Structures are given as structure tokens and as C-alpha cells.
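Let me begin by presenting the structure, written as C-alpha cells, before commenting on it.
Treat the numbers as computed from the prediction; the structure is a model and nothing was measured.
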Amino acid sequence: MGNCCGKSEKLTAEIVPRDGARVYPTVRLHGSPKSILAAYIRFALLHREVSLDFVETERVGGNEPEGAVTLQVGSEVVSGSSETLLRFIDSRFPGPSVRGGNGREDETAPLLTSLTRVQHTSMLWHVERMVRWAEDLTTRGGRKTVDPSMGTPRMEIRKFARSYSELLEIMMEHAQMEETVLFPIFDHADRGLAKAAKEEHARDLPLMNGIKEVIKSVGVLDSGSPDYQEALYSLFTRLKSLLGKCKQHFAEEEVEILPLMEALELSKEQELSALEQCFDVMQGTHSRLLKLLLEGLPSRDAMKYLDLISKCRDKEKMESMLKMIVK
């Protein structure tokens, strides 16, 4: 986005672009890149059919932690609280309601439980997207896509490789976060409680790395050769297998382990410290890949995740994460 971007923002995770024949209303979002409210509103709008421009402004109101945010649609100008802005978005642009989805109704849920579940949601969305993309590549068998932004088949494979590498980094950091922060908390309360989950992480690693190698092979093969088609099919089946394993693994964690978090009776200080450790471990995810993580979420879950970020007591660190979203 940046300072008053001159072009419309599009989800980087999209494969098929919006219909170029349609005209979307332009919404200017004025606010500080350090503002949690600006980040909330940005994601509420990102899931609507609008062209979004972010106009960076100086933070005003030193006693207002969220910073001032203004929306401008043509001659309409709206500012105020998050409720006021979200109500305007609901009334002005069609789509599911975004109000009540900023995570505050989930304040009773343990922070690490919310963090883990929302990350699961995003990763599944991205794996499913990669499966659909691989299936489309296999069906086309080396022919160019109808989307000119993808370029030639070889150029598209490079884009595919970059997308998978970014997703793999998020998944690896998520696993590291669980193994270094989440699982030790459970094992301290009941030794061996997270053993099965840790074993599944090790089990799935060869498949995840194998997919990366297959993508490399596709990238050097002649797009018209039988080997190319065979490699694409292998890529599709491996990604489909990974999707099934992720669904099973995430479901097991959310049914068998995460519900026990409340029984651990962590103090507020312990919860916040563990949450901040999660952000530290997932450094890549919460810097240059944060926007990608949030793009895999419905707007309500994205705002819920921003609520978790806002709980970081290191304000400099929190603001640096928010700047990665709106820059």
C-alpha cells in the first residue's frame, strides 16, 4: 500500500484477478501505520469489493492509543470509533457483517488457544489454495493461464515456488512456536501430553520438503514434455496429501490439546509472556509474511489476530508489526 498508493490493492494470495471490466469504488483510509484501528479497518475493507488506498497521516491524540482514522468515499468522510467505522462499512458496502468480530467477545478464551486456532485457519486456507493452483496447472498441462499477470508457464512456476516457500516458512515457524512455547507448557503440567503432536511435526517434514523439490524439478523441465506433466501431477497429489495431513493434525490439536489450556490456570502475566514469546519465535511470520498470514483469514479472524498483536506490551514491536500490514 504505502503512502497514498496510486493503485488498487489486491490480495496477493489471489490466483484469478478481479474482473477488469468492473469498476470498484475507491476508499481512502487515512491513518497512522502504527494504529491498531487503521489495521482493523484495512482488513474490514480488504474483504469488500472496493479499491483501497492508504494515506499515511501523523498520529494525533496522544492519549488515544488507536490513533485517529478517517474513511473517505467520494464526498463522504467518516471518522470516529471502531464501531462507527465498521457500521459505516457494513451499511455502505455489501458483504458479511464485520462488527463484533474484533476479538473482544473472545476475551475469555486463552490467548495461546486463539493464536493457534487462527493460525491453523490461515494455513489451511493457503494449503487449499496451493492445491487448487496445482490442480489447475495439471489440467492445463503447460498451457498459459488466462491471467496475463502470471506470464509464461515458467514464470508462473516461479510464482508458485515463491508462494509455497512463503507458506512453508509460516508452517515451519508455527511448528517451532508450538514446540518451543506451547507444548512445553502442556508437558510441564502433564508430561508427554504433547508427544503425539510433536511426532506428527517430524512425520510431515519430509513431505513438505519433498514438495519443494518437485517444484524445482517442474521449473527446469520443458513445459511440453511428458515428464513435465508427470511432475505436475506428482506436485498436485503431494499437496493434496499435505492438505489431508494438516486437516487431521490441526483437528487433533484443537480437540485433544488446546481445550486443556484453560485447565492450566495460567496467570495473566504468564499468558502475555507466552504470547510475546510466540511472536518472537515466529519472527518472519510477524514481519514480512504477516500480511500473507492475515490474507488467509476471514475479516473477523484477521481482526481477532490484530487484537492479539495489540496485547504485545513492547509497543515498538507491536507498531513494527502493524506497519508491515499497511505499508
Phe236 side, atom CZ; Met130 side, atom CE - distance, nearest 0.5 Å: 13.0 Å
Is it possible for you to say whether Val214 and Leu207 belong to one hydrophobic cluster, with membership spreading through side-chain heavy-atom contacts below 4.5 Å? yes
Pairs meeting criterion salt bridge (charged side-chain N to carboxylate O under 4.0 Å, His left out) with involvement of residues 274-286, two or more places apart: Glu276-Arg313, Asp280-Lys317
Any chance you could lay out the side chain to side chain contact (heavy atoms under 4.5 Å, CB included) test for Arg288 and Glu169, step after step, and finish with the verdict? CA-CA 11 Å; Arg288 55 191 173 77; Glu169 184 174 349; 2.5 Å; yes
Shortest non-hydrogen pair, Val181 vs Ala274, comes out as CG1-O, 3.7 Å
Any pair with a residue in residues 187-203 that passes salt bridge (charged side-chain N to carboxylate O under 4.0 Å, His left out), sequence neighbours left out, goes on the list, sorted by first then second residue, please. Asp187-Lys198
From OG (Ser35) to CZ (Arg42), nearest 0.5 Å: 13.5 Å
Nearest heavy atoms of Leu193 and Ile257, plus distance in Å: O-CD1, 4.4 Å
Rounded to the nearest 0.5 Å, the CD1 atom of Ile211 sits from the OG atom of Ser241 at a distance of 7.5 Å
Taking side chain to side chain donor-acceptor pair (under 3.5 Å) as the cut-off, I'd like each qualifying pair that reaches into residues 251-261, sequence neighbours left out, listed once. His120-Glu253, His120-Glu254, Gln248-Glu252, His249-Glu253
Looking at NE2 of His286 and SG of Cys278, how far apart are the two atoms once the value is rounded to the nearest 0.5 Å? 8.0 Å
So do Met318 and Ile36 actually touch side chain to side chain, heavy atoms under 4.5 Å? no
Are Leu221 and Met155 connected in the hydrophobic side-chain network, where two residues link if heavy atoms are under 4.5 Å apart? no
Holding to ring pair (Phe, Tyr, Trp, His ring centres under 6.0 Å), I want the full list of residues that pass it with Phe88, two or more places apart in sequence or in another chain. none
Before you tell me yes or no, could you show the steps for Lys311 and Glu271 under salt bridge (Lys or Arg N to Asp or Glu O under 4.0 Å), namely the whole-Å CA-CA distance, both residues' side-chain angles and the distance that decides it to 0.1 Å? CA-CA 10 Å; Lys311 295 182 185 297; Glu271 268 203 293; over 6 Å; no
Please round to the nearest 0.5 Å and tell me the distance separating atom CG of Leu289 and atom CD1 of Ile170. 5.0 Å
Transitive ILVMFWY side-chain link Val77 to Leu71, under 4.5 Å: no
Residue pair Ser287 / Gln283, side-chain donor-acceptor N/O under 3.5 Å: no
Glu56 side chain to Gly31 backbone, donor-acceptor under 3.5 Å: no
Using modelled atom types and a 3.5 Å cut-off, is there a donor and acceptor pairing between side-chain atoms of Ser122 and backbone atoms of Val118? no
Can you tell if the side chain of Thr57 reaches within under 4.5 Å of the side chain of Thr70, non-hydrogen atoms only? no
Taking Thr138 for the side chain and Leu232 for the main chain, is one N or O donor matched with an acceptor at less than 3.5 Å? yes
side-chain contact (heavy atoms from CB on, under 4.5 Å) test vs Cys246 passes for just one of His126, Met123, Met171, namely Met171
Can you confirm whether Leu266 sits close enough to Pro110 that some side-chain heavy atom of one is under 4.5 Å from a side-chain heavy atom of the other? no
Using a strict 4.0 Å threshold on nitrogen-to-oxygen distance, state whether Glu213 and Lys216 make a salt bridge. yes
Are the side chain of Ser234 and the backbone of Glu230 linked by a donor-acceptor contact shorter than 3.5 Å? no
For residues Phe160 and Ile215, report the shortest heavy-atom separation together with the two atoms involved. CE2-CD1, 3.6 Å
For Thr180 and Val281, which heavy atoms make the closest approach, and how far apart are they? OG1-CG2, 3.7 Å
In this structure, are over 12 heavy atoms from other groups packed under 6.0 Å from Glu265 atom CD? no
Any side-chain donor near an acceptor of the partner, Arg87 and Ser91, under 3.5 Å: no
Val73 and Val78, any side-chain heavy atoms less than 4.5 Å apart: no
Do you know the tightest heavy-atom contact between Leu115 and Phe279? CD1-CE2, 4.0 Å
Applying ring pair (Phe, Tyr, Trp, His ring centres under 6.0 Å), can you list everything that pairs with Tyr164, at least two apart in sequence or on another chain? none
Heavy-atom closest contact (Leu294 atom, Ala302 atom, distance): CD2-O, 4.0 Å
Does CZ belonging to Phe93 count more than 12 external heavy atoms closer than 6.0 Å? yes
Minimum side-chain heavy-atom gap Leu260-Leu264 below 4.5 Å: no
Can you list the steps and then say if Leu239 with Glu135 is a side chain to side chain contact (heavy atoms under 4.5 Å, CB included)? CA-CA 10 Å; Leu239 278 166; Glu135 183 177 24; over 6 Å; no
Would you please name every residue forming a ring pair (Phe, Tyr, Trp, His ring centres under 6.0 Å) with Phe183, sequence neighbours left out? His201
Is it the case that over 12 heavy atoms from other parts of the model lie below 6.0 angstrom from the NZ atom of Lys212? no
Glu166 side chain vs Leu292 backbone, donor-acceptor pair below 3.5 Å: no
Going through the distances and angles, do Asp301 and Trp125 end up as a side chain to side chain contact (heavy atoms under 4.5 Å, CB included)? CA-CA 12 Å; Asp301 281 347; Trp125 186 89; over 6 Å; no
Less than 4.0 Å between a side-chain N and a carboxylate O, is that true for Asp136 and Arg140? yes
Between Arg129 and Glu295 (salt bridge meaning N to carboxylate O under 4.0 Å), is one present in this structure? no
Close side-chain approach of Glu179 and Gln176, heavy atoms under 4.5 Å: no
Does the side chain of Arg48 come within less than 4.5 Å of Asp90's, by heavy atoms? yes
Looking at side-chain heavy atoms only, is the closest gap between Phe54 and Leu45 below 4.5 Å? no
Roughly how far apart are Leu111 CG and Gln270 CD, rounded to 0.5 Å? 12.0 Å
Is the side chain of Glu173 donor-acceptor paired with the backbone N or O of Thr285 at a distance under 3.5 Å, no angle test? yes
So Val218 and Leu137, side chain to side chain contact (heavy atoms under 4.5 Å, CB included) or not? Walk me through it. CA-CA 11 Å; Val218 173; Leu137 283 167; over 6 Å; no
